Amino acid sequence: MVNKDWIGTKASTFKCLGASNHTNHEREKNDYYATDPIASELLLKIEPQLDNIWEPSVGEGHLAEPLRKEGKLKIVSDLVDRGYYPEDIKYKYSIDFLEFKKPWKGDIVTNPPYSVAQSFVEHSLSLIDDKHYVAMFLKLTFCEGKERRKFFENYPPIRIYVSSSRILCAMNGEFEKPKKDKNGSICVDKEGNTIMQKQSSAACYAWFIWQKGYKDPTELKWFN
Ligand SMILES: C[S@@+](CC[C@H](N)C(=O)[O-])C[C@H]1O[C@@H](n2cnc3c(N)ncnc32)[C@H](O)[C@@H]1O
């Protein structure tokens, strides 16, 4: 059952980033890749006008937290409850963003499920008022393809910022994994603790910024 409004949302007395009762298998479903929070910290530096933000596929809140700390975040939601319960803003889970029809009087920022990223952009633009912003953290390959070209002609982003040093989006929020030797065995330290290793990013991402109503050429920039 998909809820369609925010009624009934209750702020929790604790905040939890990264904790959830879901199994890995459940969490991997629905295209779950957590974004290194540095992405939204930097977003606010390059697009400081963003405000009154809805993060509609929030995951465990990795992108949302820097926005919340700067007082820019208004609401978060996701199809799946991944255990992000910010105490000072509204949250609502079991929300299919693409089915949500109420207009939004602010901006929309997320790293969407990649398989429906274009639908997320189109739907976001349909919900906001003219001059408001949609900021999506997407693989640079989002630019590719004949159909995508048509989409960009209809909806030119106002700016695209390519990430010049890689930013990690980690499957299931696992930014670190056990280190393995060349035989595939997990490495442990002298005390027998598993040695963890930071994951590296194989993809190049960019911030794509749309301003509703903008029809001029896209400015291409770089950040970080
Ligand atoms: C790539 S992850 C990004 C999570 C978070 N935005 C971040 O950057 O850390 C995509 C998220 O979209 C959620 N999702 C998938 N389909 C959705 C839908 N139709 N409506 C809302 N959320 C959806 C998934 O549950 C997942 O948490």
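Not measured: the values here are computed from a predicted model. Start at 1 and go down the list; that is how both ligands and their atoms are numbered.
- Asn224 and Ser165 share a side-chain donor-acceptor pair at under 3.5 Å.
- The distance criterion of under 3.5 Å between nitrogen or oxygen atoms is not met by Ala34 with respect to ligand 1.
- For ligand 1, the polar-atom distance check finds an N/O of Phe97 within less than 3.5 Å of one of the ligand's N/O atoms.
- Under the 4.5 Å side-chain heavy-atom criterion for Ile, Leu, Val, Met, Phe, Trp and Tyr, Ile160 and Trp222 are members of the same hydrophobic cluster.
- When the heavy atoms of Ala117, Gly173, Pro56, Pro113 are ranked by distance to atom 14 (N) of ligand 1, first place goes to Pro113.
- On a distance-only criterion, Tyr32 and ligand 1 share no N/O pair closer than 3.5 Å.
- Atoms of ligand 1 lying under 4.0 Å from any heavy atom of Phe120, numbered from 1 in the order shown and given with element: 18 (C), 20 (N), 21 (C).
- Not a single heavy atom of Phe137 sits closer than 4.0 Å to an atom of ligand 1.
- With Phe137 as reference, Tyr205 is the one residue of Tyr205, Tyr161, Phe120 to meet the ring pair (Phe, Tyr, Trp, His ring centres under 6.0 Å) rule.
- Of all heavy-atom pairs between Ala117 and Phe142, the closest is CB-CE1, 3.9 Å.
- Aromatic rings of Tyr91 and Tyr84 (six-membered ring for Trp) have centroids beyond the 6.0 Å cut-off, not under it.
- The shortest separation from a heavy atom of Ile95 to ligand 1 is under 4.0 Å, placing the residue in contact.
- Residue contacts with ligand 1: His62 is placed with no nitrogen or oxygen under 3.5 Å of a nitrogen or oxygen of the ligand (distance criterion only).
- With hydrophobic clusters built from ILVMFWY side chains whose heavy atoms lie under 4.5 angstrom apart, Leu220 shares a cluster with Trp210.
- One option in Asp78, Leu79, Asp31 has a heavy atom closer to atom 25 (O) of ligand 1 than any other, and that option is Asp78.
- Relative to atom 8 (O) of ligand 1, the option among Val109, Thr35, Val58, Thr110 with the closest non-hydrogen atom is Thr35.
- Contact analysis leaves Ala39 out of contact with ligand 1, as no non-hydrogen atom separation drops below 4.0 angstrom.
- Interface atoms of ligand 1 facing Leu63, defined by a heavy-atom separation under 4.0 Å, are 8 (O).
- Checked against the 6.0 Å centroid threshold, His62 and Tyr33 do not count as a close aromatic pair.
- If you look at Ser77 next to ligand 1, there are no close heavy atoms at all, none under 4.0 Å.
- Close approach to Asp96 involves these atoms of ligand 1, each under 4.0 Å from a residue heavy atom: 18 (C), 19 (N), 20 (N).
- For Tyr84, no heavy-atom contact with ligand 1 is shorter than 4.0 Å.
- Each of the following atoms of ligand 1 lies closer than 4.0 Å to a heavy atom of Arg82: 24 (C), 25 (O), 26 (C), 27 (O).
- Within the 4.0 Å heavy-atom criterion, neither part of Glu60 lies near ligand 1.
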*For salt bridge (charged side-chain N to carboxylate O under 4.0 Å, His left out), just list the numbers for Asp129 and Lys212, CA-CA rounded to whole Å, side-chain angles, deciding distance to a tenth of an Å, and then say yes or no.*
CA-CA 7 Å; Asp129 287 341; Lys212 187 162 177 177; over 6 Å; no
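- Between Arg149 and Glu153 a salt bridge is recorded (basic side-chain N to carboxylate O distance below 4.0 Å).
- With ligand atoms numbered from 1 in the order given, ligand 1 contributes 1 (C) to contacts under 4.0 Å with heavy atoms of Pro112.
- Of all heavy-atom pairs spanning Pro86 and Arg68, the tightest one is CB-CD, 3.9 Å.
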_salt bridge (charged side-chain N to carboxylate O under 4.0 Å, His left out) for Glu47 and Arg159? Distances and angles first, verdict last._
CA-CA 10 Å; Glu47 295 285 331; Arg159 288 176 282 279; 2.5 Å; yes
